[in-house]
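Let me begin by presenting the structure, written as structure tokens, before commenting on it.
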Amino acid sequence: MATWHISARSDMGNIILTGFMGTGKSSVGKELALRLNYRYIDLDALIVAEAGISINEIFTRDGETAFRAIEARLLSSLKGEENMVLSTGGGAVIAGENRRVLRELGMVINLVAPAEEILLRLRHEHDRPLLNNDKSLERIRALIAHREPFYADADVRIETCGKTVAGIVDEILISLKRIGARGQA
Ligand code: S3P
């Protein structure tokens, strides 16, 4: 565990967390927002709030294409936001237009974990429609492999395995300072 504390700064710009399901985007996002005194926004939560039904239900009733359309529209509606930490759903990076919006919004941080670790973290979860029918290591590996180029389109990539949420937040803040948030070296 880290024994020091990276202080918040006011010129970080928005911070966007991307990554496969189970990489810790929500836990890390909430902690990061607290540390920076930023607003925390969860894109999946916005989708659920607007639809009035769960993500499982959206997929079952309307299909993945309909889910992706809501996801893209709500993501786009965040343009102009400031002082925000945004967690995105694991598939939000697939659409090129979404990735363009993410870059426009701020610094993109991709959280990474090995497929074996993802399986361990999600083995008792039933709210991931893309894994509900097949939660095998092979399925997770295939999805990660397909999405890898999209996850790689990030300012910073952080391996999360074996690290605490606080430690990951420290790493993110250090990386952002190093590369210079908002392009300020
Ligand atoms: C998805 C990930 C989920 C949610 C939806 C689709 C994906 O979000 O958006 O089930 O395609 O990887 P989390 O990454 O927060 O689980």
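Counting starts at 1 for both ligands and their atoms, following the listed order. Only this structure's heavy atoms are used, side chains among them; waters, hydrogens and symmetry mates stay out.
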At less than 4.0 angstrom from any non-hydrogen atom of [X], what atoms of ligand 1 do you find?
X	result
Phe67	5 (C), 9 (O)
Gly89	8 (O), 9 (O), 14 (O)
Ile55	5 (C), 10 (O)

ask   = Are Ser175 and Ile158 close enough that some pair of their side-chain heavy atoms sits under 4.5 Å apart?
value = yes
ask   = Are the side chains of Lys30 and Val85 in touch, meaning some heavy atoms are under 4.5 Å apart?
value =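 No; the side chains remain at least 4.5 Å from each other.
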key: From CA spacing to verdict: side chain to side chain donor-acceptor pair (under 3.5 Å), Glu57, Thr60   = CA-CA 5 Å; Glu57 288 167 328; Thr60 308; over 6 Å; no
query = Any chain of hydrophobic side-chain contacts (each under 4.5 Å) joining Ile144 to Leu119?
reply = yes
query = Taking atom types as modelled and ignoring hydrogens, do the side chains of Asp42 and Ser87 form a donor-acceptor contact shorter than 3.5 angstrom?
reply = no
Within 6.0 angstrom of Asn133 CG, more than 12 heavy atoms from elsewhere = no
message = Residue-level breakdown please: for Leu130 versus ligand 1, do any non-hydrogen atoms fall below 4.0 Å on the side chain, on the backbone, on both, or on neither?
response = side chain
key: Region of Arg147 engaging ligand 1 - heavy atom pairs below 4.0 Å   =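 The side chain, only.
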Report the nearest protein non-hydrogen atom to [atom]: residue, atom name, distance rounded to 0.1 Å.
atom	value
atom 2 (C) of ligand 1	Gly90 N, 3.3 Å
atom 8 (O) of ligand 1	Asp44 OD2, 2.7 Å
atom 10 (O) of ligand 1	Pro129 CD, 3.4 Å
atom 7 (C) of ligand 1	Gly91 N, 3.3 Å

key: N-O pairing of Arg39 and Glu81 below 4.0 Å   =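 Yes.
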Winner among Arg68, Glu71, Arg128, Lys25 once heavy atoms are compared against atom 11 (O) of ligand 1 = Arg68
